[in-house]
Engineer: 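Please see the structure below; I have some questions.
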Number of protein chains: 2
Amino acid sequence: MSDEEIPDIVIRRLPLYARELGAVASEGSEYISSEGLGERLGVSPAQIRKDLNYFGSFGTRGRGYQVTSLRERIRSILKLNGRVREMVLVGVGQLGRALLGYRGFLIGGFEVVRVFDADPEQIGQAVVGYEVEDVASLPEFLRRSKVAFAIVAVPTEAASTVIDTLVAGGVQAILSYAPISRSVPDGVRLRQIDPVMELESMSYYLDDQFDAVVEDQI
Amino acid sequence: MSDEEIPDIVIRRLPLYARELGAVASEGSEYISSEGLGERLGVSPAQIRKDLNYFGSFGTRGRGYQVTSLRERIRSILKLNGRVREMVLVGVGQLGRALLGYRGFLIGGFEVVRVFDADPEQIGQAVVGYEVEDVASLPEFLRRSKVAFAIVAVPTEAASTVIDTLVAGGVQAILSYAPISRSVPDGVRLRQIDPVMELESMSYYLDDQFDAVVEDQI
DNA sequence: CACTGTGAACTTATTCACAGCT
DNA sequence: AGCTGTGAATAAGTTCACAGTG
């Protein structure tokens, strides 16, 4: 049943399942049903079963899914098993430093291997155990070492140029914190994290006694 | 055409449109067509027109949409016009500090008004111009001042309790950076930012030549 | 007997295509 | 002429419901 084109929306749920299965495992359960997992995640049991079935039959009828083995299966589907994914980080401002200090990357199997910045004040400095390199040397570094992942944590104005450099250097997956829209060539993935957009969309749902802006009429 | 239930997926695109319209405005264009905007965003023109039509008819046939007025319309739909949305921040570790220093919130119309933490070392200290308050005093603060937004930037173990406190205090929109799944009551919105999940889902699409298993060097 | 795996039914979202303004 | 606004057509995604199985 392999080899069908799998919807991106399914791929995006896999890390969620894997993350929760890690939590379930640490609580000591050996098996979990699609219903049990769905309840924890706010996802329907049918959806979990369908998602997993794109990749094979991992469950046991009558019992559910073995927690740790399903988690490993998912990580293997995501090409995350038994390895550490190397990343470059561009930008060592406050956000970049916070990211460098974040333990979650390593737990998830990701590790920053090099750190770049454009600020002469930063270049050459040691930051959280990394020596900050000149972003001008990024193209050469990428030519030598094929790193597939990058995190962009530079000021908005600089982001587009940095992304160009990363794409030209063969980086295939870019996580950007800059609030700008960008297109990238086929074969490159760009995901953005923009907390302001998240807040803005939540604002719509506020039951706000203060303000009811009328839009109306045809 | 008012008062139909509007799909969440539409609401989530509105901040994207608003953000890009801001960029278009700063480039000096007065009008933009759905095709022009769609090209910049990687969204189809029909989708933009349909999304906007849930709320009214904001365009001019033959010319397109007036950039600044459409942006204001969208911000008004999102209940973001002409005001600053107040937020509390819980957690002043590295991430919390980075968020406090981020100018993007104010640009988007959001402002942190109070800062809380559980660490006795931090409580009472001044951080980026805020005095860190004891998270134990958060319930009382929320009782007095009706703040609708909160950002959770605490360690994973603490997140669930903090979210409970926020919900109990009447906060309606929570942006959490903790990598845990949580359900919240109706009427409360919880959005998570988890960079690791983003990276993991991108990993699926990598070319296999990048699959080299990292050698154990520890 | 409690669960998965899965086609079929249904629901939601996107695109098409064109009438209708400016 | 060039665009929006919008119903109709299509595609994508989710849930249902149940047969199959350990």
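Within every chain, numbering begins at 1; the chains are lettered A, B, ... in the order of the sequence lines, protein sequences first and strands thereafter. Atoms considered below: every heavy atom in the structure, side chains included; atoms not considered: hydrogens, waters and symmetry mates.
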Engineer: Looking only at heavy atoms, which two atoms of A:Val43 and A:Tyr17 are closest? And how far apart?
Structural biologist: CG1-OH, 3.9 Å
Engineer: Would you mind reading off the distance between B:Gln66 atom CD and C:dT22 atom P, rounded to a whole angstrom?
Structural biologist: 15 Å
Engineer: Take B:Arg49 and A:Val43, find for each the nucleotide of DNA chain D with the closest heavy atom, and name the residue whose nucleotide sits nearer the 5' end.
Structural biologist: B:Arg49
Engineer: Take atom CG of B:Leu70 and atom C1' of D:dC3, then tell me their distance rounded to the nearest Å.
Structural biologist: 14 Å
Engineer: Within the 4.0 Å heavy-atom criterion, would you say A:Pro45 contacts the bases, only the backbone, or no part of the nucleic acid?
Structural biologist: nothing
Engineer: For DNA chain C, which residues in residues 8-36 of chain B have a heavy atom at a distance below 4.0 Å?
Structural biologist: B:Ile9, B:Arg13
Engineer: Is B:Ser44 close enough to C:dT15 that one of its side-chain N or O atoms is under 4.0 Å from OP1 or OP2 there?
Structural biologist: yes
Engineer: Considering non-hydrogen atoms only, spot the tightest contact between A:Leu16 and B:Ser181 and give its length.
Structural biologist: CD1-OG, 3.9 Å
Engineer: Answer yes or no: does a side-chain N or O of A:Tyr65 lie under 4.0 Å from OP1 or OP2 of C:dA2?
Structural biologist: no
Engineer: Starting from P on C:dT4, measure out to CZ on A:Phe55 and report it in whole angstrom.
Structural biologist: 18 Å
Engineer: In Å and rounded to the nearest 0.5 Å, what is the CE to CZ distance from A:Met87 to A:Arg114?
Structural biologist: 15.0 Å
Engineer: Please state how far atom CD1 in B:Ile48 lies from atom P in C:dT14, giving the value in whole angstrom units.
Structural biologist: 12 Å
Engineer: Give the angle between the helix axes at the two ends of the helix from C:dC1-D:dG22 to C:dT22-D:dA1, taking five base pairs at each end and rounding to 10°.
Structural biologist: 10°
Engineer: Do A:Ser160 and A:Arg182 come close enough that some side-chain heavy atom pair is under 4.5 Å?
Structural biologist: yes
Engineer: Whole Å only: how far is the CZ atom of B:Phe58 from the C1' atom of C:dC21?
Structural biologist: 17 Å
Engineer: What is the separation between atom OH on B:Tyr54 and atom C1' on C:dT14, rounded to the nearest whole Å?
Structural biologist: 10 Å
Engineer: Looking at B:Gly108, is its backbone amide N or carbonyl O close enough to the side chain of B:Arg19 to form a donor-acceptor pair, meaning the two atoms are under 3.5 Å apart?
Structural biologist: no
Engineer: Begin with the C-alpha distance, continue with both residues' side-chain angles, and end with the deciding distance and a verdict on salt bridge (charged side-chain N to carboxylate O under 4.0 Å, His left out) for B:Arg85 and A:Glu200.
Structural biologist: CA-CA 10 Å; B:Arg85 287 290 191 187; A:Glu200 287 177 342; over 6 Å; no
Engineer: What protein N or O atoms touch nucleotides 20-22 of chain D N or O atoms at under 3.5 angstrom, if any, and at what distances?
Structural biologist:
residue: D:dG20; atom: N2; partner: A:Arg61; partner atom: NH1; Å: 3.4
residue: D:dG20; atom: N3; partner: A:Arg61; partner atom: NH1; Å: 3.0

Engineer: Can you tell me if B:Arg144 has over 12 outside heavy atoms packed within less than 6.0 Å of its CZ?
Structural biologist: yes
Engineer: Would you mind telling me which of C:dG5, D:dT14, C:dA17 lies closest to the side-chain atoms of A:Asn53?
Structural biologist: C:dG5
Engineer: For B:Ser34 and B:Arg49, work out which heavy atoms get closest and say how close.
Structural biologist: OG-NH1, 3.1 Å
Engineer: Can you measure from OG (B:Ser69) to CZ (B:Phe58) and round to the nearest 0.5 angstrom?
Structural biologist: 9.0 Å
Engineer: So do B:Val188 and B:Val171 actually touch side chain to side chain, heavy atoms under 4.5 Å?
Structural biologist: no
Engineer: Are any non-hydrogen side-chain atoms of A:Leu14 and B:Ser201 less than 4.5 angstrom apart?
Structural biologist: no
Engineer: Provide, to the nearest angstrom, the distance between the CD atom belonging to A:Gln47 and the C1' atom belonging to C:dT12.
Structural biologist: 13 Å
Engineer: I need the minimum non-hydrogen distance between B:Lys79 and A:Tyr205, along with the two atoms involved.
Structural biologist: NZ-C, 4.4 Å
Engineer: Pick the nucleotide of DNA chain C nearest each of A:Lys50 and A:Gly64; which residue has the one closer to the 5' end?
Structural biologist: A:Gly64
